[in-house]
Structure formats: structure tokens, C-alpha cells
Amino acid sequence: MEEGASVENEAPVEGGTLAEVVPPTFRERLGRSRGVFAGLRSLRGKGVAPSTWDELEESLLRADVGVATTGMLLEELRRRVREKEIGSGDELVDSLRSDLVDLLSLEQRGGASGTEIAPGGVATGEAVEVAVRDGRGLRFDEEEGVVNVWLFVGVNGVGKTTTVGKVARQQSGSGRSVLLAAGDTFRAAAGEQLATWADRVGAEIVRGAEGGDPSAVVFDAIQRAAARGHSLVLADTAGRLHTKVNLVEELKKIRRVAERPPGRVTEVLLVLDATTGQNGLVQAREFTDAVAVTGVVLTKLDGTAKGGIVVAIQRELGLPVKLVGLGEGPDDLVPFDPAGFVGALLG
Amino acid sequence: MFDALSDRLERIAGRLRSRGRLTDSDLDEALREIRVALLEADVEVGVARDFVEGIRQRCSGEALSKSLTPGQQVVKAVHEELVAVLGGETLKLTYASRPPTVVLLAGLQGSGKTTTAAKLARWWRQLGRNPLLVGADLQRPAAVEQLRVLGRQVGVTVFSEPTDPVSVARAGLEQARRLGRDICIVDTAGRLAIDEELMGEVRRVSDAVRPHYTLLVVDAMTGQDAVATARAFHEVLELDGVILTKLDGDARGGAALSVKGVVGRPIVFASTGEKLSDFDLFHPARMADRILGMGDVLSLIEQAERSMDKESVARSAGRLMEGRFTLDDFLEQLQQVKKLGSLGGVMRLLPGMTKELRQAADRIDDRELSRVEAIMRSMTPMERGDPSIIDGSRRVRIARGSGTATADVNQLLKQHREMQKLVKGMATGSGLPGLPGLGGPGGKGIGGMGGFGGLGGLGGLLGGRKQLAALQTLGDETGRDQQGLAGLLGRGVGGLPPLDAVASGGPPAAGNGASRAQRGAKGKKKKGGRVTPPKAR
């Protein structure tokens, strides 16, 4: 199979190259959205005055980091200033930066088992059957007869279908045999939208009737994948608010069905719009409770968006951001890079 | 919507209520909490700051009213500030003297433009207008297809062609003129405010069709960025207003509080659900009431007026007055109620909704209504006219016919009997029955279905304009009147046993819970009516 080769092709990306190749893109793209933290730059070269705290607080709040997380970050900085670890505005900004990077890095969380961590990825070796991951830190079990299912969930209009399309392109580009499941049977023409992507990517797609049972679509997709030898099913789902009990139940059912052999759910990705405010945290919590989300895809980060809510999500739920959408092009979906993200935020 | 903010403010108010005096530190603490509540609801940082300052000013010195306790004073200040920030008046839509009136929708990707376009078209159709939808989103795959499907659902023609957005818009307007449509709604592709090329394109679309209304569609879940986006679009397009979408969740809507303040353009419409009917004009003052837990009876009445069949309502109201209430009336009312939209959405408009109730509202399963309807439809006309002839074997037949159990049929019949008793009592009682169901002892265990009858009673209310007017004043006054506010503050003293029953009901089991919550709503409703007396006195 070609797969071995392509995985190897990607291997360098996973290691050192990633840090060098991707961040420029990241910062370049996010550069346009700077300005929130322009205030922070003005702190440089000064001492720490009472007004400094207000400015810091306001900057963090404006980036949607949220009241609680902002409070925690500032508390820590205050302590250091009190204990004279920090004296200048520069040091203050620098330590905020490293605190944020630490918070967003997975070391704290997955590091316990001494596992290897790829940027934006998930720890390996958790599962007994070795989880072979691709360059984007997404889990893929290369076991014979297993159809990996990646489920994309989220509220309405965050870009699930587009994300599925982009991931499909990347995965099939790296040699995986991908099948798309048009599990959004609710929104008018969502199936067409995904079919367009399937066409572009040259992937097979399984669609159901509009208004049909999405679980059935996913089930059919897995059966088809098994029959045709596709190893990965990317399942789109209809956007749903986490407050709609019935719809959340429907999602749980989709996951249950997808988990039935030969299917195996190896990723449940919560797609989150980077402009989302504090509600993002609630979304992450509710979806995690319902379908055990494994990671976040932060979309539309190329706007004026800050995406600071992922800091709160990481802190409170330990959910890592795995992918970031930086534009409309099919290749504008890149692995998350904490340092690049924070760097862009702090300007 | 605004639930988190609502809950926080309620809690703060609750604590202040008991205070005889308000010290500076009390006030500071309350203001700090209000600020956090605002920020957590995604209110823009600057707006939150001004908001809190505004309250401080209203609460200081000579502005203090003697008739209110300090706690009430703060709540009143919050209310006034909310109304001010939300923009006071509802925007009055006018129509072009030479039709069509052109409406341009713009916004970020995923804010809900296409769905909103269809909802808007439906909304205007309900007002007897004749819109044309123009699909100028040629960017997102299948966006036009989506619009076409939605257009079919709302019965509105969709125009589009695979050229370029500017030509499509221009041709669409031509088409609207040719077809004699009086409204032309142009849906555009989602774009980022910082994308100069695409912003230039939407500018050209706008120049081509010269819209009478340029509306920005904003996702209510948007964080601090909402204001920046609105500002950027405003600079390029000169917005007339904002449409807020996805307001039907939890803990959000801060964007609503921010946009008006920063861009100076009001929120014109709000979309509150996935159904195409979940869409209406945005009323700032009513929203302020709602945030403070005062409900929005006015919107409910309007919704009812629009969707209910007046004749049928008048007919059943007339029969109610005579003390008759057959299963046919029940069935008819049920159908009217169904037209109001989802029951959960209706419940959210009722005054005094607590967090538990709001959650209960989210859990309501509208299919319960269909079950009840199925039972009644499985009866013969004779049985519906005189339920007393329904004996054991008829019950079995009805249950089988409707796919339910005999017990369900029995329950329905029992509830109907109790309602009938109630109606009779009212008719023979002193004069006007007031608000049947609404004002009636809703909480006193009429049983789940009683709730439906109650809402049907709302229809009856519509029959009598007098009561409608009365309720309208109630709605208005609760908003502005201090006493009304005091009434609100005193809420909870009145005691709401049926409510607690709902709350403690926990996650309702499928259908039953729905009707139980429904009953709670009734109790609530009645309570809403009770806010008046203190004011009237």
C-alpha cells in the first residue's frame, strides 16, 4: 500500500519542520488581526503601574479569554510582581506570553505518561493498539479491518462541512483512502455542499435523504467503507445548539452507531468559530459530556478573531486545539501551534 | 437567551432586595458583579464599562427615589440602562414608494445569512407582502441550492444565476420589478471584514441594487469581535441595522448589547430557533424586560394574533363564554396553539421564567401535542361532541387508532372533564371569565393538558380586545413603571407552588414532563397577571 510511504513523507512535518514551516504562516495570517494587544506593546519599556493591570485585563478580555481565566492569569502575574520576580513591563508581557503558551501546550496534561507529543497533537501510546497518528496529531488506528471514524460536531455555522472537506483533501492527499459521510441531513443543501467537496477531493461520499436519520447515513458510510476498503470515514453532522436535548441525543446515537465494528471512532472534533465568545466554553463542555470530544478545530482565525476562548477551554476542560482554519483555501487548515498563536495574540 | 446574564442579575437583585440601606461598598460590589456578568455574556469591554458607570450615576445622589428600596433602585437602574443600551425603540420598517424595497444581507461566514434571508421572506409573506429572494452567494458550494430549498419551503421564488454576485444582484432586482414583487431580499456570500477584496465586492453589489435596508447578520454567540465586525461593515456599507441570529441558546447575546452602543445601529430582527417561523422584530424594551425575568407577553400576543385563525378563536371563545367546552373545541385550540411555534419558545416569553423553567422549556417535546391530537382525531365526531358516550370498548378502539394506550385516552378524557368543569364554573360565575386558562387556576392541577387549554385561552383572550388592551398595558407598565418593577422585585413572595413542582420534576420523562412543564407555564402566566394588582392599586 502507498500508505506507509505517505506517512513517512509526512513524518518530517511532524517533527522539527513543522515548527519552522507553519508558524510563519500562522503569524503572517494572524498578523492582520493584531491590534487587540497593541495596548500590550505600549507596556513595554515601562514599569508596572496600577493602570498596567487594567490594560492587561482589558486586553485579555477583548481577546475573549474570559473573566475567570483572565483573573487566574493576572493573579499569577501579580504574585510574581509582589515577590519581585518581575519588575518591568517587558518582563510582565513576556511572562504572560510564556504562561499562555504553557497553558495551551499539552505537556502539562499528557506529559505525565512521558509520551511523545506532536504540536497540536494528542499523546501517543495511550491506547494499547498503537495509535498511528498523522502529521496533524489526529489519531488513526491502522488495524486491519477497522474503519476509523472522525466525527465533526459543533453548533450551526461554524464551518463543519468546510472543515470536513479540507480534512478530506489533506488526508487523501497524504494517501489515505477517505470516504465522506454527509451526516447533515437537516440543513438544506448541506449534502450538495459536501458532495462538491467530495468531487474536488475525488473521494467517495455517502448521502442520505434530506431530513433522514443521520445515524443511518453514518452506518451506511461505514459499511460502504469496509466493503470498498476505505480506512477512514469523515462524518459531517448537522449543526446543533448544545442546549437542544433532542439534537444532542441524536448526536450521541450517531457516535454509538459509528462505534460499532468495523467502525471505530478515533476522533471527535468540535468545530469552533474563532469569533465565538464565552459561549464557546459551554459548547465545549456540553459536547464533551455528550460525545467525548477529543479535540477542537478553531475555524475562521484569519478574521479579526482572537480565539482567546480556546485558552479557557484548554484550561478548564483540557481539550486541545488540533487544527486551525486560516482561510478559505483548501490548504488553509493547519496544525495548531501554541507559540505561534500566543505570539500573534500578544503582537 | 441572555439566560446567564439574566440569572446573574436576578441573583444580585435578590441579595440587594433585603437591604434597607445601600452602602458604597455594597454598591461597588454589586457593580463589580454586574460587570463580570456582562463580560461573561460577551458584552464588549468598553460597553460594559460605560454600562456600569451609567448604573452608578443613576444610583447616586438625588436620582434616588424615595418609594424604592436601594435594591430596587439598582434593579431599576439596570433596567433603564439596558433599555438605553439596547436602543430604546423598535425600528419602524417603511417601504419604498416605488417597489421593490431592496434589502441587502451581509455578514461573516456562518452567521446565518441564507437561513435569515428565507426567514425574512417568510416574515414578509405573513404580512401579506410578496418578496423575491436573490441568491448572490456564489462562493460557498451549494449556497444557492440551500436558498432554493428554503425558498420552496416558505413559498418564495428564488432568483440566481451562475455569473458574478454583482450581475446576479442587478438581474435579481430587474426580475423583482418584472414580476411585480414589492420586496427584494439579496443574500450575499459570507466574508471577513478585513478582506478588502470581498468587502469591495459587496460594496459593488450594494451600489448595483441601492438597498433601502442594509442589514448585518450577526451570530449571537460572537464574542468581543462582534463590535469590530459591525464597525468594519458599517464603514463599507452604511448599515441600517443588525439581525441577530441563534439567540435560542444559553449564555450569550452580549453582542446585542454592544453593537447598538458602538455602531449606533439598532437590532432590527432576531432569530430564535431553527424553524423558519422562529424569527421576529427585535423589541429592545421588551428584551430588557426579558433579561430581567419579566417575560415578554407583548411578543407572545402578537405572535398569537399573527398566527391564529381569528374566526376559529372567536368561535371557541364564544362557546367558552357559554360554558361549553367539547373535545372539538379542545382540538381546535390545540391546532391554534401549534401554529404559535414550538412550545418551548412560547414558554420563554412568559414572565418570571426561572432558570429551571427555561431548561424545562428546552426539554419540551412538541410531539406530545401530536399524540394528544392523534387521540382526539381517532374519535368519531359524535364522541368528540359528547365524550360521555365513550365507553370501555370505544376507549380501546381510540387507543388503538391513535397508537397510544388506553390509559392515555383516559387521562385525556379526565383532563377534558376537569377543564369543562372549570369553564362551566367561569361561565356561571361573575360576568367575564377573564382570561380562561390564563387567569384561571392554572397551577391547581388541571393536569398536563390543561396547559394546552390554557394557551388556547390566550386565543380566547384575543377574541376580547378589551382584555388584550389590558394585558398590553400590563406589558408596557411592567417595563417602565416603578411600581411594576417593585412588583417584580417582590416576586417570589407571591409563592408559586406549581412552579416548584415543575422544577423539582427534574428531567421530565418524555411526554409527561412536557405537559407538566406546560402546566407550570400556566401557573407562571397567571402569576404574570398578578403583577398587575400592586400597580393598579
Side-chain angles (χ1 to χ4, degrees), chain A residues 32-33 35-36 57-59 61-64 66-68 70 155-159 161-162 165 186-197 200 210 239-247 273-283 286 299-300 302-309 327-328, chain B residues 3-4 35-37 39-42 44-46 48-49 108-115 118 139-150 152-153 190 192-195 219-226 228-229 232 245-246 248-255 273-274 359 362-363 365 507:
Chain A
R32 292 194 281 175
S33 68
V36 188
E57 184 190 34
E58 195 163 320
S59 302
L61 289 175
R62 275 192 200 283
D64 287 325
V67 180
T70 298
V155 301
N156 316 63
V158 290
T161 305
T162 306
F186 179 81
R187 179 164 60 93
E192 273 84 15
Q193 191 183 342
L194 195 63
T196 311
W197 275 102
R200 282 185 199 167
E210 210 154 275
R240 65 199 73 223
L241 292 175
H242 48 287
T243 51
K244 303 279 150 98
V245 178
N246 292 348
L247 295 179
D273 185 327
T275 58
T276 309
Q278 298 314 300
N279 192 248
L281 185 57
V282 190
Q283 286 172 28
E286 299 290 320
T299 59
K300 309 183 207 173
D302 53 332
T304 50
K306 327 299 173 311
I309 190 63
E328 305 205 307
Chain B
D3 290 357
R35 176 167 175 271
V36 171
L39 290 171
E40 282 184 349
D42 290 323
E44 201 260 346
V45 177
R49 200 194 300 125
L108 301 177
Q109 289 96 335
S111 53
K113 283 175 299 304
T114 305
T115 309
Q139 195 134 356
R140 179 161 59 92
V144 172
E145 184 56 32
Q146 184 186 353
L147 191 63
R148 284 193 199 283
V149 174
L150 293 172
R152 265 199 296 283
Q153 283 171 19
L192 296 168
I194 51 158
D195 190 325
D219 182 334
M221 287 179 283
T222 315
Q224 298 286 326
D225 198 49
T229 303
T245 60
K246 305 179 213 170
D248 52 330
D250 51 354
R252 49 189 123 133
E274 288 192 329
Q359 281 166 357
D362 283 334
R363 280 193 295 262
D365 186 354

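Residue numbers start from 1 in every chain, and the chains themselves are labelled A, B, ... in the order their sequence lines are given, proteins ahead of strands. For the numbers below, each heavy atom of this structure counts, side chains included, while hydrogens, waters and symmetry mates do not.
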Would you check if B/Q146 and B/T115 make a side-chain contact, meaning some heavy-atom pair closer than 4.5 Å? yes
Just by distance, do the side chain of B/T245 and the backbone of B/S111 share a donor-acceptor pair under 3.5 Å? yes
Which one wins on heavy-atom pair count under 4.5 Å against chain B: A/R187, A/Q283, A/Q193, A/E210? A/Q193
Among A/N156, A/T161, A/V158, residue most engaged with chain B (heavy-atom pairs, under 4.5 Å): A/N156
A/K244 with B/E274: basic N within carboxylate O range, under 4.0 Å: no
Largest heavy-atom contact set with chain B, pairs under 4.5 Å, which of A/A188, A/A195, A/A189: A/A188
Note: vs chain A, highest number of non-hydrogen pairs under 4.5 angstrom among B/P141, B/A143, B/A226 is B/P141
Most heavy-atom pairs under 4.5 Å with chain A, out of B/G46, B/A142, B/A232, B/A118, belong to B/A142
Checking heavy atoms, do the side chain of B/R148, its backbone, both or neither come under 4.5 Å from chain A? neither
Start with the C-alpha gap between B/R35 and A/E57, add the side-chain angles, then the distance that decides, and say whether salt bridge (charged side-chain N to carboxylate O under 4.0 Å, His left out) holds. CA-CA 13 Å; B/R35 176 167 175 271; A/E57 184 190 34; 3.4 Å; yes
Determine whether a donor-acceptor pair (N or O, by modelled atom type, separation under 3.5 Å) exists between the side chain of A/T275 and the backbone of B/D225. no
Measure B/L108 against the heavy atoms of chain A and call it side chain, backbone, both or neither at under 4.5 Å. side chain
Applying the side chain to side chain contact (heavy atoms under 4.5 Å, CB included) criterion to A/V155, which one of A/L241, A/T243, A/N279 satisfies it? A/L241
